[in-house]
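See structure below.
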Amino acid sequence: MADSPTRALRRSTLPLPLLNRGKVREMYEVSPDLLLMVASDRVSAFDVVMAEPVPRKGEVLTLITAWWLKRLEGAGVAHHAVSADPDEILRYAPRLAEDVDPAGWARRALLVRRTTPLPVECVVRGYLAGSAWKEYRESGTLAGEPLPGGLEESQQLPAPLFSPATKAVEGHDENITFHQVVRAVGADRAEALRRLSLDIYAVGAATAGERGLILADTKFEFGIDGGGRLLLIDEVLTPDSSRYWPQEGHRVGSAPPSLDKQPVRDFLASVEGWDRQPPPPPLPEAVVKATTERYLDIFRRLTGTDLDDFTPPSFSSEPGEVA
Ligand SMILES: Nc1ncnc2c1ncn2[C@@H]1O[C@H](COP(=O)(O)OP(=O)(O)OP(=O)(O)O)[C@@H](O)[C@H]1O
Ligand SMILES: [Mg+2]
């Protein structure tokens, strides 16, 4: 069957209706109930997509999502995944067999149940980093709620916090209060989103901890399927949607290096005069190579398996009831 893709893929062009092209992924329609989520090898830094793809990155992102969903399924979390197994995906989407290079989709595609996504980015933060650190430094709050005084950058919060954001169509997501989530989706659903997000974060943080990694923060999305069920959707606990830090590099008072994109960020920071607007400077080959290595490392570190030895899983046919 489909060989493992090794060629870098900047954008997929599959013979299925294209529903959305994001910064990194393409979403295709397979049937009224099923979608194919395909991760390319595009890499973004400072919200700008680089011209050069990073080989293996899409495969790493998709299979990390699949690996986590399999574990979360065991913990009773209802999610959208149907299969990451190329043979099974072909059975649902036989058009992929026609004239299509498997490198364009196999192992980087996840077949999922179609849902209506809820308009909330469900961020959970266990540590003070990124925009949360910025807000806290400026106003002593997180998502508008006061935090204890005297916390430092990268410090662990007294307890993990649900810190929702809007889904911005363009530009940066904006932090919103829990009250705004209630207004957007209703009180019961807002409470379900908060509880599920915190529960999933707890599983993620504990699992990462066993592997020497801190899950500083992460972002989940949820959707409602045709049967009215609330499902975990989108990518899950990937390095693109989460901040992982090696435990050994964690120091309160400074920002740890990014496990995955640091070579790209370091290079961009060394380029004089780039205003962080497109077009980005071209990435040297050594930077691309170092970034691929980082993605392969994080896959190995998290799953305990080399990417080439990992078998893409299939999922149970019926998601469990939640909320
Ligand atoms: N099971 C699903 N059903 C319906 N929509 C889904 C499902 N899983 C993910 N999505 C949606 O698919 C889209 C994936 O898009 P993607 O994240 O690649 O790009 P984007 O969100 O448009 O932009 P960005 O690159 O900034 O994230 C998201 O809007 C997400 O809500
Ligand atoms: Mg997105």
Side-chain angles (χ1 to χ4, degrees), residues 9-14 16-50 53-54 57-62 64-66 68-69 72-73 77-84 89 92-93 105 108-123 130-131 164-174 184-185 193 196-197 200 217-243 260-261 276 278 280 315 317-319 322:
L9 183 83
R10 179 147 168 85
R11 50 162 44 192
S12 68
T13 47
L14 302 181
L16 297 169
L18 179 68
L19 298 183
N20 184 58
R21 195 188 296 279
K23 279 200 289 293
V24 170
R25 291 170 299 158
E26 279 92 38
M27 188 65 102
Y28 295 90
E29 180 181 69
V30 170
S31 73
D33 304 323
L34 294 172
L35 304 175
L36 196 67
M37 191 167 85
V38 181
S40 74
D41 294 323
R42 294 192 292 280
V43 65
S44 70
F46 309 118
D47 274 342
V48 176
V49 179
M50 302 294 117
V54 169
K57 173 180 184 263
E59 193 184 346
V60 166
L61 291 191
T62 294
I64 283 184
T65 293
W68 275 115
L69 286 177
L72 292 169
E73 187 170 275
V77 174
H79 62 74
H80 66 158
V82 175
S83 186
I89 291 174
Y92 284 97
W105 64 274
R108 59 171 81 244
L110 186 66
L111 185 71
V112 302
R113 286 191 171 71
R114 185 182 221 153
T115 68
T116 304
L118 295 173
V120 184
E121 306 261 3
C122 294
V123 180
S131 67
T166 54
K167 285 210 212 181
V169 176
E170 246 175 63
H172 297 284
D173 297 337
E174 233 176 84
V185 302
L193 291 182
L196 275 168
S197 299
I200 301 167
D217 55 42
T218 190
K219 180 213 75 179
F220 303 114
E221 289 190 38
F222 295 88
I224 311 292
D225 77 359
R229 287 169 298 210
L230 184 58
L231 303 182
L232 175 62
I233 65 168
D234 212 54
E235 62 182 330
V236 175
L237 294 166
T238 68
D240 273 13
S241 68
S242 320
R243 215 179 242 116
D260 48 339
K261 293 179 186 171
R276 297 195 177 179
F315 298 86
S317 53
E318 270 311 302
V322 180

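Given the structure is predicted, the values throughout are model-derived calculations rather than measurements. Hydrogens, waters and symmetry mates are skipped; everything else that's a heavy atom, side chains included, is used. Atoms within a ligand are numbered from 1 in the order they appear, just like the ligands themselves.
- Ranking the protein heavy atoms by distance from atom 4 (C) of ligand 1 puts Thr115 O, 3.2 Å first.
- Here the heavy atom of the protein found nearest to atom 16 (P) of ligand 1 is Arg25 NH2, 3.4 Å.
- Judged by distance alone, the side chain of Arg108 and the main-chain N or O of Ala39 form a donor-acceptor pair under 3.5 Å.
- Against a heavy-atom cut-off of under 4.0 Å, Glu221 is close to the following atoms of ligand 1: 30 (C), 31 (O).
- Phe222 and Leu232 make their closest contact through CD2-CA, 3.7 Å (heavy atoms, listed as atom of the first residue, atom of the second, distance).
- The shortest contact between atom 5 (N) of ligand 1 and any protein heavy atom is with Pro117 CG, 3.4 Å.
- Classification of Lys57 and Glu59 as a salt-bridged pair fails, no side-chain N sitting under 4.0 Å from a carboxylate O.
- For atom 21 (O) of ligand 1, the nearest protein heavy atom (residue, atom name, distance) is Asn20 ND2, 4.9 Å.
- Which parts of ligand 1 touch Val112 is read off a 4.0 Å heavy-atom cut-off, strictly below it: atoms 1 (N).
- For Lys167, the closest heavy-atom approach to ligand 1 falls below 4.0 Å.
- Here the heavy atom of the protein found nearest to atom 25 (O) of ligand 1 is Lys23 N, 2.7 Å.
- Using a distance-only test at 3.5 Å, with no hydrogens or angles considered, a donor-acceptor pair links the side chain of Asp41 to the main chain of Gly58.
- Of the candidates Val24, Asp234, Leu232, Asp234 brings a heavy atom nearest to atom 11 (C) of ligand 1.
- Only side-chain heavy atoms of Met27 come within less than 4.0 Å of ligand 1; its backbone N, CA, C and O stay farther off.
- What sits closest to atom 19 (O) of ligand 1 on the protein, heavy atoms only, is Gly22 CA, 3.3 Å.
- With salt bridges taken as basic N to acidic carboxylate O contacts below 4.0 Å, one links Arg42 and Glu26.
- Annotation for Ala81 and Val112: closest pair CA-CG1, 4.3 Å, computed over non-hydrogen atoms.
- Neither the backbone nor the side chain of Leu231 comes within 4.0 Å of ligand 1, counting heavy atoms alone.
- Residues Val43 and Val54 come closest through the heavy atom pair CG1-CG2, 3.7 Å.
- Checked for salt-bridge contact, Lys167 and Glu121 miss the test: no charged N lies under 4.0 Å from a carboxylate O.
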